[in-house]
K.L.:
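Have a look at this one before I ask anything.
Each ligand, and each atom within it, is numbered from 1 in the order the structure gives.
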Amino acid sequence: MSILVTGGAGYIGSHTCVELLNANYDVIIVDNFDNSNEDSVARIEKIAGKSVKYYNVNLLDFDSLNHVFMQNKIEAVIHFAGLKAVGESVAKPLYYYETNIGSTLNLCKVMEAHHVYKLVFSSSATVYGMPDSVPLNETAPLRALNPYGRTKIIIEDLLRDVAASNENWCISLLRYFNPIGAHKSGLIGENPSGMPNNLMPFITQVAAGVREELSVFGTDYPTDDGTCVRDYIHVVDLALGHLKSLEKLDSFTGTQAYNLGTGQGYSVLEVISAFEQASGITIPKKMVERRPGDAPVSYADPTKAKNELGWSAKRDLLEMCEDSWRWQLSL
Ligand code: UFG
């Protein structure tokens with residue numbers, strides 16, 4: 001029996017595949033390598049010292065996905081595949097709705113046809129939009145601020161409906177906070193094509209001299225130093241959260257949502273300073289206007305994941321920065 005990982009060559013997917021292999025699961029990757037490459041599969045194999053079966057398949061292609069299920073005995077699915085750039089989702093909403101929702105629909109249809117009912121879904125803390133209060137627990141209202149976030153909410157709703165229709169389903173909705181860091185080997189990590197959207201890849205590119213300076217978006221937020229606060233989580237901790245979640249799928253039917261975060265918020269300036277400490281490099285920066293749609297403060301209450309999954313994040317901000325930097329240096 002194997003675990004099928006959609007988007008397994010991507011940033012969070014690749015780290016999760018390594019941890020699955022380390023825990024002796026057989027892994028099958030389905031990826032169309034839209035925002036990743038086949039080399040990442042070879043690197044996963046190198047780190048784990050095991051081989052991985054992979055298929056270059058777009059989840060919108062129902063027949064090809066169906067073939068993957070016909071050819072393999074699949075026990076459960078971890079579904080990472082999807083588009084995730086907020087700005088692009090505003091410019092191309094139809095593309096986002098079609099890709100993210102259409103691929104999840106196909107996946108559920110194929111799973112149901114093959115009687116595979118265990119699913120771990122890659123959701124996001126973006127489903128909380130502008131939080132009324134922090135820390136955020138899983139009962140906070142869901143409201144997205146952009147098409148990308150709305151696709152995550154719609155998929156969560158869709159999965160709740162699917163689960164309600166047949167009691168065999170058990171579906172975990174994992175709401176990630178801000179994943180950063182990389183595998184210690186320096187072989188896998190986040191490698192955005194073009195201009196990075198997120199803070200850490202931007203910082204590492206400035207440190208490496210790829211970009212001139214970092215823009216700090218907004219210094220007049222109601223926080224201690226005026227910059228936004230986020231819950232940064234090491235991608236390996238996040239990957240381990242998927243394993244725990246997979247192991248617990250037998251303990252419930254229906255859906256369960258879990259926040260995967262550390263519970264600790266850091267400001268943009270604190271992240272920069274931790275990175276400077278980890279790398280020994282000073283990051284040139286300029287203070288600019290707020291970026292539209294940014295919540296001033298967002299961090300998790302990770303109690304539910306701790307109590308029900310037996311999972312909590314272990315790696316601190318300095319380690320996240322060291323590992324992000326090691327990865328950038330390898331590029
Ligand atoms: N920031 C900068 N300069 C940059 C990039 C970011 O100051 O060049 C700031 C942002 O304004 C924000 C903070 O750094 O205050 C973090 O920004 P990111 O873009 O790294 O992360 P977000 O919290 O905006 O969003 C991320 C993912 C979403 C996900 C969300 C979940 O991009 O997909 O976390 O909380 F949904």
K.L.:
Check whether any N or O atom of F202, backbone or side chain, sits under 3.5 Å from an N or O atom of ligand 1, and answer yes or no.
P.N.:
no
K.L.:
Using the side chain to side chain donor-acceptor pair (under 3.5 Å) definition, which of the options N24, N22, D26 pairs with K50?
P.N.:
N24
K.L.:
Would a distance-only check, ignoring hydrogens and angles, find a side-chain to backbone donor-acceptor pair under 3.5 Å from T223 to V229?
P.N.:
no
K.L.:
What protein heavy atom sits nearest atom 18 (P) of ligand 1, and how far off is it?
P.N.:
N198 ND2, 3.5 Å
K.L.:
Going by an N to O cut-off under 4.0 Å, is there a salt bridge joining R43 and D39?
P.N.:
yes
K.L.:
Hey, are E156 and K152 close enough for a salt bridge, meaning a charged N less than 4.0 Å from a carboxylate O?
P.N.:
no
K.L.:
Distance to 0.1 Å, residue and atom name: give those for the protein heavy atom nearest to atom 11 (O) of ligand 1.
P.N.:
D294 OD2, 2.5 Å
K.L.:
Just which atoms of ligand 1 are under 4.0 Å from any heavy atom in V268?
P.N.:
7 (O), 9 (C), 13 (C), 14 (O), 15 (O)
K.L.:
Give the atom numbers and elements of ligand 1 that come within less than 4.0 Å of a heavy atom of A125.
P.N.:
31 (C), 35 (O)
K.L.:
As an exercise, identify every atom of ligand 1 less than 4.0 angstrom from a heavy atom of L214.
P.N.:
8 (O)
K.L.:
Starting from atom 24 (O) of ligand 1, find the nearest protein heavy-atom neighbour and note its residue, name and distance.
P.N.:
R291 NH2, 2.8 Å
K.L.:
What do the steps show when you test K285 against E213 for salt bridge (charged side-chain N to carboxylate O under 4.0 Å, His left out), and what is the final call?
P.N.:
CA-CA 5 Å; K285 57 180 184 293; E213 62 182 352; over 6 Å; no
K.L.:
Can you list the ligand 1 atoms lying under 4.0 Å from a non-hydrogen atom of V216?
P.N.:
7 (O)
K.L.:
I'd like to know if K184 pairs up with E319 as an ion pair, taking the criterion as any Lys NZ or Arg NE/NH1/NH2 lying under 4.0 Å from an Asp or Glu carboxylate oxygen.
P.N.:
yes
K.L.:
Are any side-chain N or O atoms of N32 and backbone N or O atoms of N56, one a donor and one an acceptor, separated by less than 3.5 Å?
P.N.:
no
K.L.:
Using a 3.5 Å distance criterion without hydrogens, assess whether the side chain of H234 forms a donor-acceptor pair with backbone atoms of D316.
P.N.:
no
K.L.:
Write out the residue and atom name of the closest protein heavy atom to atom 25 (O) of ligand 1, then the distance separating them to 0.1 Å.
P.N.:
N178 ND2, 4.0 Å
K.L.:
Closest non-hydrogen protein atom to atom 20 (O) of ligand 1, residue and atom name please, with distance?
P.N.:
L199 N, 2.8 Å
K.L.:
Which residue from Y232, Y299, Y148 reaches closest to atom 16 (C) of ligand 1 through any of its heavy atoms?
P.N.:
Y232
K.L.:
Go through the steps for K118 and D250 under the test salt bridge (charged side-chain N to carboxylate O under 4.0 Å, His left out), then give the verdict.
P.N.:
CA-CA 8 Å; K118 290 183 183 176; D250 281 331; 3.1 Å; yes
K.L.:
How close does the nearest protein non-hydrogen atom get to atom 3 (N) of ligand 1, and which residue and atom is it?
P.N.:
S215 O, 2.7 Å
K.L.:
Return a yes/no value for Y176: is any of its N or O atoms, backbone included, closer than 3.5 angstrom to an N or O of ligand 1?
P.N.:
no
K.L.:
Which of the numbered atoms in ligand 1 are under 4.0 angstrom from any heavy atom belonging to C228?
P.N.:
15 (O)
K.L.:
Backbone or side chain, does any N or O of F217 fall under 3.5 Å from an N or O of ligand 1?
P.N.:
yes
K.L.:
For T126, take its heavy atoms, then give the atoms of ligand 1 lying under 4.0 Å from any of them.
P.N.:
31 (C), 36 (F)
K.L.:
For atom 36 (F) of ligand 1, which protein heavy atom lies nearest, and how many Å away is it?
P.N.:
S124 OG, 2.5 Å
K.L.:
Identify, for atom 23 (O) of ligand 1, the protein heavy atom at the shortest distance, and state residue, atom and that distance.
P.N.:
R230 NE, 2.6 Å
K.L.:
Is the shortest distance from a Lys or Arg side-chain nitrogen in K314 or D237 to a carboxylate oxygen in the other one below 4.0 Å?
P.N.:
no
K.L.:
Under 4.0 Å between a side-chain nitrogen and a carboxylate oxygen: does that hold for K84 and E190?
P.N.:
yes
